There are 2 protein chains.
Amino acid sequence: MTERTSITPTHRYRNNDKAVGVGNAFWDMSERNGLAGIVAELQDGVLHTPEGHEFVNFTCCSYLDLDSHPKVIDGAVDALRRFGVLDHCIPRSRVQIPALLELEASLGELFGAEVVSAISAGVASAGLLPLIASGHLGNGTRPLMVFDKYAHVSMAGAKPACADETEVVTCGHHDVGFLEDMCKRYQRVAYVVDGADSLGGYAPVQELAELQEKYGLLVYYDDSHSVSAYGERGVGYIRSHCPIRDERTITVATLNKAFGTSGAAILLDGYAKPAQRVIERFAGALSYSQPMNTAAVGASLASAEIHRTDELTALQGRLRAHIELFDSLIKTEQTGTTYPIRVVPMSDETVIEAGRQVYEAGFYVSPVFFPIVPRGTAGLRVMLRAGQTEEQIRALGAVLVEVGALPEEAAP
Amino acid sequence: MTERTSITPTHRYRNNDKAVGVGNAFWDMSERNGLAGIVAELQDGVLHTPEGHEFVNFTCCSYLDLDSHPKVIDGAVDALRRFGVLDHCIPRSRVQIPALLELEASLGELFGAEVVSAISAGVASAGLLPLIASGHLGNGTRPLMVFDKYAHVSMAGAKPACADETEVVTCGHHDVGFLEDMCKRYQRVAYVVDGADSLGGYAPVQELAELQEKYGLLVYYDDSHSVSAYGERGVGYIRSHCPIRDERTITVATLNKAFGTSGAAILLDGYAKPAQRVIERFAGALSYSQPMNTAAVGASLASAEIHRTDELTALQGRLRAHIELFDSLIKTEQTGTTYPIRVVPMSDETVIEAGRQVYEAGFYVSPVFFPIVPRGTAGLRVMLRAGQTEEQIRALGAVLVEVGALPEEAAP
């Protein structure tokens with residue numbers, strides 16, 4: 001028998017050998033130290049493990065604690081009772097019950113946009129980005145697709161599919177100069193970037209708007225980390241600051257973080273009905289797979305209602321106060337920003353042990369270290385929420401200092 | 001100013017120009033004739049449009065009508081009340097509430113497999129197939145990935161990502177001979193195929209099992225159209241007939257069709273914990289995006305309980321009786337099979353008008369025609385369900401004959 005062929009991969013846009021190789025070491029180390037693979041019951045905002053340990057989660061993205069708001073849960077229950085199914089299983093392009101349309105109308109009013117729902121922001125991006133790559137979403141011109149180096153994996157994962165529809169390149173983080181060069185060279189450019197980064201920081205919306213005006217740059221934002229937590233009625237960072245409200249800006253946002261429910265919203269401006277039909281029919285899983293279920297729809301309708309009231313302003317205020325309180329205790333690169341995420345610097349050698357001690361003291365913060373971030377930039381990622389108490393934040397601050405965090409000098 | 005560059009796409013694995021070009025014509029034609037874009041309220045199994053039209057849906061994949069089973073809806077409500085959130089938003093590889101683990105234990109018992117849950121079968125495939133391509137799921141050898149020509153788009157859509165991790169080819173429908181040739185030439189081959197096709201028909205499980213035994217072929221099945229509807233306790237066609245229960249067989253199935261809820265199940269055998277961790281950590285959206293929400297978990301736990309009782313057998317029996325009744329009325333290529341889908345042949349010229357008349361008579365069946373299927377193979381797709389009545393099926397049969405369907409000769 002002749003030798004059977006083995007295969008050499010191209011690894012142009014992805015590399016599982018590397019991802020699994022380095023990533024698994026990170027996760028195994030985290031899990032061996034009890035900082036991953038934790039199972040716990042949630043009761044009144046505190047997590048309880050079967051072994052009897054209790055802790056407050058400081059790595060939960062439900063920044064306003066709307067996920068456990070009684071009205072949100074009641075909204076889910078009401079919709080289940082009202083529609084009588086989680087989903088009437090048939091593509092919505094054929095027949096749909098009014099659930100998604102009601103939700104999209106409500107979110108459309110809230111965000112001041114045309115809204116298309118999706119089961120997750122990842123599914124939305126996986127479906128939309130190839131349509132942008134082929135020019136079917138946009139102005140009809142096939143663009144050069146420029147992915148920001150730090151674009152979340154839910155967007156970066158679409159590179160191979162996009163690369164079969166157009167040219168794909170990756171640029172430095174927020175490298176506006178590179179984008180302008182590309183805008184001069186290509187008939188059209190589309191830039192893919194987070195509105196708010198998962199390690200803190202916002203997209204350079206104003207500079208990008210200038211390129212949008214000057215060259216017709218299309219910007220695709222994932223604003224999942226700022227929607228609800230930021231802006232009037234929680235419209236998020238991008239809808240608060242981006243002046244370009246036409247086909248040149250497309251924003252997706254999960255409803256699974258500060259919004260407190262499940263699913264995602266695609267926010268569009270200036271796309272006529274035929275373009276929305278193209279999304280419904282051809283944006284990947286949006287056309288062929290299950291949509292948001294009615295429980296998620298009902299919860300989201302209830303959350304949207306809360307977004308229209310002073311309660312949202314109050315929750316945002318409480319979140320902001322908690323961020324400021326934390327900043328008054330611990331020094332980080334994010335100090336002074338509106339962003340609910342802080343990375344507390346630790347050395348590569350101590351970060352895991354520090355995370356373990358913080359967990360034992362009753363707080364879960366997530367250690368990030370090489371190879372997840374470059375050597376020398378390790379830290380404990382802290383997420384503030386409206387639902388934490390001042391006492392909890394002060395206690396966390398105290399234990400963080402004990403394990404080596406830099407106290408804010410002005411701290412009491 | 002110099003001419004700015006335009007781009008020529010590679011279109012190796014996908015082509016939006018073609019997909020949108022031909023697909024939009026199909027959908028526009030369907031919608032102009034009132035057979036797509038329908039919005040209707042569901043009441044007691046009948047759909048009601050705002051215009052006052054009533055119809056029974058014969059293109060709904062909830063083959064056992066478990067989607068509206070009171071216990072399924074109650075299960076969703078109970079879980080919402082019990083967990084108090086739709087999702088505690090943090091990657092489950094870090095911290096999770098026990099919801100998904102309970103579900104996976106229950107489904108694992110039901111299917112006799114190790115089960116990993118996913119928000120949809122599409123998300124499962126998009127996450128798993130690149131890991132199979134790189135050899136991280138399987139036996140460690142990077143396989144040639146062979147996609148069946150008719151593999152559902154939720155699998156075929158992963159070709160570009162897989163092609164960056166290994167070689168990808170497409171083979172004729174169920175072309176076992178081609179697969180054997182490839183098995184002789186490559187160290188390892190993985191074949192991607194539907195367990196049960198969306199236009200009727202099953203995968204050649206026995207012939208594939210021979211290749212699995214002889215060459216170590218890995219087969220990736222999507223059995224979404226047969227789970228619950230087929231087999232003891234609804235384990236589906238593949239789990240009923242595939243004798244290979246180890247790393248060489250991976251099956252995914254939606255919980256959104258006959259199972260009656262939301263989400264999906266990945267069914268594994270012989271994969272040790274580290275492999276399951278690799279899925280949890282690196283299978284695309286399974287690692288970074290939202291999981292099944294608690295309403296879907298609760299509904300699925302309730303549906304799994306029904307699967308363990310005689311009620312499931314009774315529902316399967318009713319579905320089978322409805323299929324047989326339909327077969328006694330209308331001749332199709334699927335006549336005599338256990339499959340709940342029938343395509344009633346029509347000419348390309350008459351299929352739309354036929355679908356319109358059937359709809360006006362109170363039944364939604366979905367027309368399929370060029371370019372969705374080849375010219376000369378147009379038809380009205382009918383899906384039987386346990387929850388339809390004999391009277392409805394007889395009435396549909398009568399109107400189908402009126403619009404040109406071939407009556408079964410033995411029909412009364």
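Just so it is clear, the structure is predicted and the values come from calculations on it, not from any experiment. A, B, ... follow the sequence lines: proteins, then strands. Residue 1 opens every chain.
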For A:Phe55, is it the side chain, the backbone, both, or neither that has a heavy atom closer than 4.5 Å to a heavy atom of chain B? side chain
Nearest heavy-atom pair of A:Ile73 and B:Leu86: which atoms, and what distance? CD1-N, 4.3 Å
Which atoms of B:Ala163 come close to chain A, meaning under 4.5 Å heavy atom to heavy atom: side chain ones, backbone ones, both, or neither? backbone
So which of B:Asn293, B:Ile90, B:Asn16, B:Leu101 has the largest heavy-atom pair count under 4.5 angstrom toward chain A? B:Asn16
Choice from B:Pro130, B:Pro274, B:Ala299 maximising heavy atom contacts with chain A below 4.5 Å: B:Pro130
Could you verify whether a donor N or O on one side chain and an acceptor N or O on the other, from A:Ser125 and A:Ser154, lie under 3.5 Å apart? no
Looking at every heavy atom in both A:Ala190 and A:Ile132, which two are closest together, and how far apart are they? CB-CG2, 3.9 Å
Okay, A:Asn57 and chain B: the region with an atom under 4.5 Å from a heavy atom over there is side chain
Taking every non-hydrogen pair under 4.5 Å, which of A:His11, A:Glu167, A:Gln43, A:Arg12 racks up the most with chain B? A:His11
Heavy-atom distances under 4.5 Å only: say whether A:Ala126 touches chain B with side chain, backbone, both or neither. neither
Passes side chain to side chain contact (heavy atoms under 4.5 Å, CB included), A:Arg82 versus A:Ile97? Steps please. CA-CA 11 Å; A:Arg82 185 174 141 220; A:Ile97 57 175; over 6 Å; no
Does some side-chain heavy atom of B:Cys61 sit less than 4.5 Å from a side-chain heavy atom of B:Met383? yes
I'd like to know if the side chain of B:Arg185 reaches the main chain of A:Thr5, judged simply by a donor and an acceptor atom lying under 3.5 Å from each other, with no hydrogens or angles considered. no
So what's closer than 4.5 Å to chain B heavy atoms on A:Pro143: side chain, backbone, both or neither? backbone
With chain B, which of A:Cys89, A:Ser62, A:Pro160 has the greatest number of heavy-atom pairs at distances under 4.5 Å? A:Cys89
Give, as side chain, backbone, both or neither, the part of B:Val123 having an atom under 4.5 angstrom from any heavy atom of chain A. side chain
Residue, of B:Leu35, B:Asp74, B:Thr8, that accumulates the most heavy atom pairs under 4.5 Å with chain A: B:Asp74
Using atom types as modelled and distance alone, determine if a side-chain donor or acceptor of A:Asn256 lies under 3.5 Å from a backbone N or O of A:Thr261. yes
Shorter than 4.5 Å, heavy atoms on both sides: which option in A:Gly23, A:Cys60, A:Ala296 has the most such pairs with chain B? A:Cys60
Contacting moiety of A:Glu31, where chain B heavy atoms sit under 4.5 Å: side chain
Tell me, for A:Ala121 versus chain B, whether the close heavy atoms (under 4.5 Å) come from the side chain, the backbone, both or neither. backbone
Greatest number of non-hydrogen atom pairs under 4.5 angstrom with chain A, of B:Gly157, B:Gly260, B:Ala19, B:Ala40, falls to B:Ala40
Part of A:Val153 within contact of chain B (heavy atom distance under 4.5 Å): both
Options A:Leu47, A:Thr254, A:Val72, ranked by heavy-atom pairs under 4.5 Å with chain B, top entry: A:Leu47
Toward chain B, the part of A:Tyr364 with a non-hydrogen atom under 4.5 Å: side chain
In terms of heavy-atom pairs under 4.5 Å, which option from B:Leu144, B:Asp17, B:Asn15, B:Val278 contacts chain A the most? B:Asp17
Heavy-atom pair with the smallest gap, counting every atom of B:Phe83 and B:Pro98: CE2-CD, 4.3 Å
Relative to chain B, which segment of A:His136 carries a heavy atom at a distance below 4.5 Å: side chain, backbone, both, or neither? side chain
Who passes ring-ring contact (aromatic ring centres under 6.0 Å, His included) against A:Tyr186, sequence neighbours left out? none
Keeping the roles fixed (side chain from A:Asp164, backbone from B:Arg14), state whether a donor-acceptor pair exists under 3.5 Å. yes
Could you tell me which portion of A:Ala285 (side chain, backbone, both or neither) has an atom closer than 4.5 angstrom to a non-hydrogen atom of chain B? neither
Select, from A:Glu41, A:Gln187, A:Lys159, the one with the greatest count of heavy-atom pairs under 4.5 Å involving chain B. A:Gln187
Chain B contacts, top residue of A:Ser289, A:Ala295, A:Gly84 (heavy-atom pairs, under 4.5 Å): A:Gly84
With sequence neighbours left out, what residues match B:Tyr63 under ring-ring contact (aromatic ring centres under 6.0 Å, His included)? none
Kindly give the heavy-atom pair with the smallest separation between B:Glu165 and B:Ser134, and that separation in Å. OE1-CB, 3.6 Å
Is there a side-chain contact between B:Val20 and A:Leu131, using heavy atoms and a 4.5 Å cut-off? yes
Using modelled atom types and a 3.5 Å cut-off, is there a donor and acceptor pairing between side-chain atoms of A:Arg381 and backbone atoms of A:Ser198? yes
Only pairs of heavy atoms separated by less than 4.5 Å count here; which of B:Ala76, B:Gly263, B:Ser30, B:Cys162 has the most with chain A? B:Gly263
Go through it in stages, so that I can follow the logic: the residues are B:Leu64 and B:His69, the test is side chain to side chain contact (heavy atoms under 4.5 Å, CB included), and I'd like the CA-CA distance, side-chain angles, deciding distance and then a yes or no. CA-CA 9 Å; B:Leu64 301 180; B:His69 194 294; over 6 Å; no
Whatever's closer than 4.5 Å to a heavy atom in chain A on B:Phe282 counts as side chain
